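Both ligands and their constituent atoms are indexed starting at 1 by order of listing. Nothing here was measured: the structure is a model prediction, and the numbers come from that model.
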Amino acid sequence: MTRRIVVLPGDGIGPEVVVAARQVLDAVSSRFGFRLAYEEQLIGGAAIDEAGEPLPDATIEACKNADAILLGAVGGPRWDDPKARHRPEQGLLGIRRALGLYANLRPVRPYAALAAASPLKSDRLAGVNILFVRELTGGIYFGQPRFTEDTRDGGRRAVDTCEYTDGEIRRIVRLAFKIAAKRRGKLTSVDKANVLATSRLWRKVVDEVAVEHRGVIVEHRLVDSTAMRLVTDPGDFDVVVTENMFGDILSDEAAVFVGSLGLLPSASLGDGGPGMYEPIHGSAPDIAGMGIANPVGTILSAAMLLRHSLDREEAAVAIEDAVTAAIEGGARTKDLGGDLSTQGMTERVLEALENT
Ligand code: IPM
Ligand code: MG
């Protein structure tokens with residue numbers, strides 16, 4: 001049976017890193033004997049340019065009918081005009097919401113060989129293995145109503161609202177508990193319960209769900225103290241569950257453990273239906289088109305795609321091992337202080353794949 005993957009290259013370095021991940025997917029599919037068919041669709045700025053909107057209906061339709069979705073990145077200065085009707089990011093938020101992808105998994109596991117690439121002292125990084133479980137379809141990202149540049153009283157005013165229902169919190173928290181039970185059994189729930197009503201509800205729901213998972217140690221931590229603790233004692237964290245915006249911010253912070261934002265993958269999952277896989281980095285317009293972007297975040301996202309959407313654990317592990325071997329063998333793109341191009345790095349991963 002051929003599995004269908006919708007590819008959303010998007011903007012900036014998105015198309016370059018997606019091409020790299022496809023080469024790796026093709027290599028494992030022939031090695032492990034399964035077939036993949038790709039269909040490219042528009043999203044983000046590229047979709048605004050070609051179709052007049054960041055998330056055309058055809059893209060949503062194709063995604064709904066796919067087995068999985070691989071996304072590059074969206075956004076760029078060309079579409080930054082504050083007066084523009086559409087922003088590329090609306091495409092990304094829209095597809096997350098349209099497919100009900102409420103659970104965003106962001107694993108962070110530093111490579112020993114890259115310890116020097118992190119500004120953190122290497123003894124702090126030993127054994128660090130964190131999984132961020134970020135709520136992805138609620139909170140301030142999807143606040144209603146939203147006014148921008150409201151000038152009712154003569155002065156300018158902007159409003160973003162933050163809303164969560166207990167149901168939205170419960171489903172992500174349950175998933176985080178299940179995952180924590182299979183890992184080291186520790187769950188850190190991050191909120192700002194000393195200030196925000198949504199955070200106080202979040203805390204209550206976490207305590208309710210905790211009763212169903214007695215084997216997991218739960219810790220509530222405020223987001224500001226988490227931001228500090230992450231860099232002072234990253235080894236203290238196992239699974240971190242948090243709301244949409246806190247998860248966005250903390251996962252970028254945690255990228256410093258690994259040495260580059262370009263290395264980190266993510267999976268966005270709902271209840272049934274296709275999952276979406278994308279690197280956590282953005283479209284990096286400053287290096288777009290130069291062929292020097294680090295493809296590893298997207299290659300590892302493809303591994304997550306195989307694991308979570310296609311049930312190909314063996315192929316997923318093969319990719320992850322190949323990336324580790326390439327990095328241990330000294331393969332470095334520019335963000336890691338090396339001089340390999342996107343294609344050069346991809347070839348090193350493909351070579352490692354053949355040799356494992
Ligand atoms: C991410 C990105 C997106 C987000 C942007 C591009 C809308 O930063 O996936 O982390 O904030 O979710
Ligand atoms: Mg982000």
Side-chain angles (χ1 to χ4, degrees), residues 8-15 17-18 21 42-48 53-55 59 63 69-80 82 84 86-108 130-143 146 148 160 162 164 168 172 190 223 226-227 230 240-258 260-270 275-286 288 293-294 296-298 300-302 304-305 335:
L8 305 174
D11 311 317
I13 59 171
V17 291
V18 153
L42 294 167
I43 196 164
I48 294 175
E53 51 181 334
L55 184 61
T59 299
C63 288
I69 301 143
L70 181 69
L71 181 128
V74 298
R78 278 188 43 217
W79 304 281
D80 263 348
H86 298 296
R87 285 193 63 92
E89 291 79 4
Q90 290 163 349
L92 182 56
L93 301 189
I95 194 70
R96 288 172 177 171
R97 182 82 160 200
L99 298 175
L101 305 173
Y102 63 84
N104 183 224
L105 311 184
R106 300 190 161 188
V108 179
I130 306 175
L131 178 70
F132 287 90
V133 180
R134 169 188 175 195
E135 201 290 326
L136 203 59
T137 52
I140 201 163
Y141 275 57
F142 294 93
R146 175 182 301 184
T148 53
D160 294 297
C162 182
Y164 270 110
E168 285 172 325
I172 185 85
V190 177
V223 63
T226 306
L230 268 176
V240 176
V241 65
T242 191
E243 62 97 63
N244 205 343
M245 187 155 76
F246 297 159
D248 178 47
I249 297 167
L250 295 177
S251 57
D252 267 32
E253 182 187 354
V256 303
F257 309 157
V258 187
S260 167
L261 199 54
L263 292 166
L264 292 185
S266 83
S268 304
L269 310 172
M276 187 163 84
Y277 302 83
E278 56 175 307
I280 84 161
H281 63 68
S283 60
D286 51 324
N294 189 340
V296 168
T298 316
L300 292 175
S301 299
M304 293 186 89
L305 179 157
D335 51 317

Answer side chain, backbone, both or neither: which part of H281 comes under 4.0 Å from ligand 1, heavy atoms only.
neither
Would you please test V190 and V241 for side chain to side chain contact (heavy atoms under 4.5 Å, CB included) and show each step?
CA-CA 6 Å; V190 177; V241 65; over 6 Å; no
Shortest non-hydrogen contact between A46 and W79, atoms and distance:
N-CZ2, 4.0 Å
What's the spacing between L264 CG and S301 OG if we round to 0.5 Å?
9.0 Å
If you measure from OG1 on T298 to CG on L263, what distance do you get to the nearest 0.5 Å?
10.5 Å
Quick one: name the protein N/O/S atoms under 2.8 Å from the Mg ion (ligand 2), chain by chain.
D248 OD1
For R106 and ligand 1, answer yes if some heavy atom of the residue is under 4.0 Å from a ligand atom, otherwise no.
yes
So if I count the atoms of ligand 1 from 1 in the order they appear, which ones are less than 4.0 Å from some heavy atom of R134?
1 (C), 4 (C), 9 (O), 10 (O), 11 (O), 12 (O)
Determine, stepwise, if the pair L250 / R106 fulfils side chain to side chain contact (heavy atoms under 4.5 Å, CB included).
CA-CA 10 Å; L250 295 177; R106 300 190 161 188; over 6 Å; no
Return the set of residues passing ring pair (Phe, Tyr, Trp, His ring centres under 6.0 Å) with Y102 (not counting sequence neighbours), or none when no residue passes.
none
Starting from atom 5 (C) of ligand 1, find the nearest protein heavy-atom neighbour and note its residue, name and distance.
L92 CD2, 4.3 Å
Tell me, which protein residue and heavy-atom name are nearest atom 8 (O) of ligand 1, and how many Å apart are they?
D248 OD1, 3.2 Å
Which atom names give the shortest non-hydrogen contact between I69 and C63, and what distance separates them?
CD1-CB, 3.6 Å
Which residue from M245, R96, E89 reaches closest to atom 9 (O) of ligand 1 through any of its heavy atoms?
R96
Straight-line distance of R134 CZ to N104 CG, nearest 0.5 Å
5.5 Å
Can you list the ligand 1 atoms lying under 4.0 Å from a non-hydrogen atom of Y141?
4 (C), 11 (O), 12 (O)
Atom pair CZ/CG of R96 and N244 - distance to nearest 0.5 Å
7.0 Å
